Amino acid sequence: MELNKIHKVYFIGIGGIGMSALARYFAEKGIAVYGYDKTPGKITDCLIGLGISITFTDDVREVSGEVREDKSTLVVYTPAIPGDNKILKYFESESYKILKRSEVLGLITKSTYCLAVAGTHGKTTTSALLGHVMNECGTGASAFIGGHVNQYDSNVIFGENNISVVEADEYDRSFMHLSPNIACITSMDADHLDVYGKAEELEHAFKDFTGLLADDGKLICRKGLDIDGALTYSIEEESDYLAKNVRVENGKFLFDLVNNRDEEFLNVVSNLPGRKNIENTLAAYAMAEQFGLDGEDIVKAIKSFEGIYRRFNVFDYRGKIIVDDYAHHPSEVESALETARELFLGKKIMVVFQPHLFSRTKDFMEEFADILSKFDSIRLLDIYPARELPIEGVSSKVLLEEINNINKKLISKDEIANEILSADQDVVMMLGAGDISIEIEKLKK
């Protein structure tokens, strides 16, 4: 299918972060966009504000006649949509052209010069920062981000040229549909074992992804990953792109950056807290430079980046410091805690954590218990199931029992505010990828 032949698109699950980015993109191109989602929310409200017609009932009669009467309409869905969805089954029975979200993103990358960011952690931050750098440096690239970029108030950065910046999502092997010219791998930690079975299979998938690079393509990886033929980046380790002299000044992380031509940029300011985000910044810098941008211009653009929604966002709640972060994997929780310890020296830290997925909780029960034990106080919410059914023997209660810290408790969402206010801790970290975000918005209001 050719993109220039698409005139109508219907999205099933349009409220998802990846789906909504594509919906915005097609709407910006002047293509008629329609969609369905199970429940309304902030994302669907924004899409409706753009003139996109959305329904919230799984009933074919709710689908616009303009869509049903035009068999050339492209139908897009995500793996999160259950197979018994009535609208999806209707389009299947009527022989419409139906593609997964990842396949549509693949079509876009096939017709553009593509910079793709892969990794079990860091890809949203890296791709958002890279998209911003490309925009600030006037490349005319369009960026598709798996998060809400603060200064663009969107998960898409629009550009007029045939250049794309995309997250290369490993879930369901989605990234195998992409056609990258420059690719980066930030991490290959075990995750999505419900799809891959074991960590080795996940690593094989990342290596297969690198095989999709164009013949003259360029590959960039964090130092230490088992990937051949890549330019590397690291903090304080010999690599092609190096961050050194990392320090915190006035609540900001600063570092010196050395590129693969031994050019040095002093006192690079990052508005993204934490050493992991310095690694993400190095990755974005390396990709932009390999694209052909000037180092000074890249560093200037890095300093103006304002971050991503739910990526270590800090706000005050009645005298308490609240850290809002999407962390939902043990290594992400650990990174968030390490960052908080550096920024809030000497302060006690409580965590309110909502585990995400029964399968992930089962696969990393020991790792979650270990890192959560390191907080000064722990409050657990019930597991957010997302697309999954419960697994016998897997619950937040079981996880709580594994945590080696006496200051721990299982709480409901209604108890969050009182737990925060009555806590002895000055800093409260609210972590998780589920609907804990709704509770955080309540606190902000």
Side-chain angles (χ1 to χ4, degrees), residues 13 15-17 37-46 56 80 147-148 308-330 332-334 336-337 340 348-362 364-365 368-369 371-403 405-445:
I17 195 71
D37 207 273
K38 187 176 181 180
T39 54
K42 185 175 180 180
I43 290 177
T44 53
D45 288 346
C46 290
F56 299 97
H148 193 87
I308 310 163
Y309 174 64
R310 299 217 64 225
R311 297 308 193 274
F312 212 95
N313 300 155
V314 180
F315 65 95
D316 177 85
Y317 176 67
R318 301 187 185 183
K320 299 282 187 178
I321 298 170
I322 307 295
V323 177
D324 171 19
D325 197 276
Y326 189 73
H328 58 285
H329 184 281
E332 294 170 347
V333 175
E334 183 174 31
L337 177 58
K348 292 184 178 181
I349 300 173
M350 180 170 90
V351 65
V352 179
F353 180 58
Q354 182 186 48
H356 185 263
L357 299 179
F358 290 101
S359 61
R360 183 179 286 119
T361 307
K362 174 179 176 289
F364 301 107
M365 183 74 73
F368 275 126
I371 184 58
L372 290 170
S373 298
K374 296 178 183 179
F375 287 85
D376 298 294
S377 179
I378 304 99
R379 300 294 181 267
L380 286 187
L381 298 173
D382 284 334
I383 295 171
Y384 182 77
R387 57 186 176 268
E388 294 185 339
L389 295 174
I391 297 174
E392 186 176 354
V394 180
S395 68
S396 290
K397 183 179 179 181
V398 173
L399 174 58
L400 189 76
E401 292 171 354
E402 296 294 318
I403 294 172
N405 187 320
I406 60 171
N407 196 355
K408 60 183 179 179
K409 187 192 293 187
L410 185 63
I411 65 171
S412 69
K413 294 171 188 172
D414 292 338
E415 297 175 286
I416 290 175
N418 285 337
E419 288 292 329
I420 290 174
L421 292 175
S422 62
D424 293 334
Q425 291 74 33
D426 303 309
V427 179
V428 179
M429 304 190 73
M430 301 189 66
L431 309 181
D435 59 5
I436 190 174
S437 59
I438 297 173
E439 306 308 313
I440 293 165
E441 290 304 314
K442 291 178 182 176
L443 295 183
K444 289 180 179 179
K445 291 176 181 178

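Residue numbers start at 1 and run along the sequence shown. Everything numeric here is computed off the predicted structure, so don't read it as measured data.
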For this session: Among residues two or more places apart or on two chains, list those pairs meeting salt bridge (Lys or Arg N to Asp or Glu O under 4.0 Å) that have a residue in residues 427-444.
Result: Lys413-Asp435, Glu439-Lys442, Glu441-Lys444
For this session: Show your working on side chain to side chain contact (heavy atoms under 4.5 Å, CB included) between Phe375 and Asn405 and close with a plain yes or no.
Result: CA-CA 8 Å; Phe375 287 85; Asn405 187 320; 5.5 Å; no
For this session: May I ask you to check whether Phe353 and Phe368 place their ring centres under 6.0 Å from each other?
Result: yes
Exercise. Do Leu399 and Met365 come within less than 4.5 Å of each other through their side chains, counting heavy atoms only?
Worked result: yes
Exercise. Does the side chain to side chain contact (heavy atoms under 4.5 Å, CB included) test come out yes or no for Leu380 and Ile411, once each step is laid out?
Worked result: CA-CA 6 Å; Leu380 286 187; Ile411 65 171; over 6 Å; no
Problem set entry | Heavy-atom pair with the smallest gap, counting every atom of Ile436 and Val352 | CD1-O, 3.7 Å
Seminar exercise, completed: What one should report as the nearest heavy-atom pair of Ile383 and Ser396 is N-OG, 3.3 Å
Listed pairs under 3.5 Å, donor-acceptor, residues 415-427 side chains, sequence neighbours left out:
from: Glu415; atom 1: OE1; to: Ser412; atom 2: N; distance (Å): 2.8
from: Glu415; atom 1: OE1; to: Ser412; atom 2: OG; distance (Å): 3.2
from: Glu419; atom 1: OE1; to: Arg379; atom 2: NE; distance (Å): 2.7
from: Glu419; atom 1: OE2; to: Lys409; atom 2: NZ; distance (Å): 2.9
from: Ser422; atom 1: OG; to: Asn418; atom 2: O; distance (Å): 2.8
from: Ser422; atom 1: OG; to: Glu419; atom 2: O; distance (Å): 3.4

Seminar exercise, completed: dist Leu443:CG -> Asp316:CG (nearest 0.5 Å) comes out at 11.0 Å
Problem set entry | Gap between atom CZ of Phe56 and atom OG1 of Thr44 - 0.5 Å precision | 4.0 Å
For this session: Determine yes or no for a side-chain-to-main-chain donor-acceptor pair under 3.5 angstrom, with His356 supplying the side chain and Gln354 the backbone.
Result: no
For this session: Could you tell me the separation between the NZ atom of Lys42 and the OG atom of Ser437, rounded to the nearest 0.5 Å?
Result: 9.5 Å
Seminar exercise, completed: Interatomic distance, OG@Ser377 vs CD1@Ile406, rounded to 0.5 Å, equals 10.0 Å
For this session: Determine whether Phe312 and Met429 make a side-chain contact, defined as any pair of heavy atoms from C-beta on separated by less than 4.5 Å.
Result: yes
Exercise. Glu332: what forms a salt bridge (Lys or Arg N to Asp or Glu O under 4.0 Å) with it, not counting sequence neighbours?
Worked result: none
Problem set entry | Partner residues of Tyr317 under the side-chain hydrogen bond (donor to acceptor under 3.5 Å, both in side chains) criterion, sequence neighbours left out | none
For this session: Indicate the atoms forming the closest heavy-atom contact of Leu400 with Lys408, along with that distance.
Result: O-NZ, 2.9 Å
Problem set entry | Which atom of Phe364 lies closest to which atom of Pro330, heavy atoms considered | CB-CG, 3.6 Å
Exercise. If you take all heavy atoms of Arg310 and Asp325, which pair is closest and at what distance?
Worked result: NH2-O, 3.0 Å
Problem set entry | Any residue meeting salt bridge (Lys or Arg N to Asp or Glu O under 4.0 Å) with Asp37, in chain and number order, not counting sequence neighbours | none
Problem set entry | salt bridge (Lys or Arg N to Asp or Glu O under 4.0 Å) partners of Asp45, counting only residues at least two apart | none
Seminar exercise, completed: Nearest heavy-atom contact between Ile378 and Leu372 is CG1-O, 3.2 Å
For this session: Show your reasoning for whether side chain to side chain contact (heavy atoms under 4.5 Å, CB included) applies to Asp382 and Leu410.
Result: CA-CA 8 Å; Asp382 284 334; Leu410 185 63; 4.2 Å; yes
For this session: For the residue pair Ile43 and Ile17, establish whether any side-chain heavy-atom pair is separated by less than 4.5 Å.
Result: yes
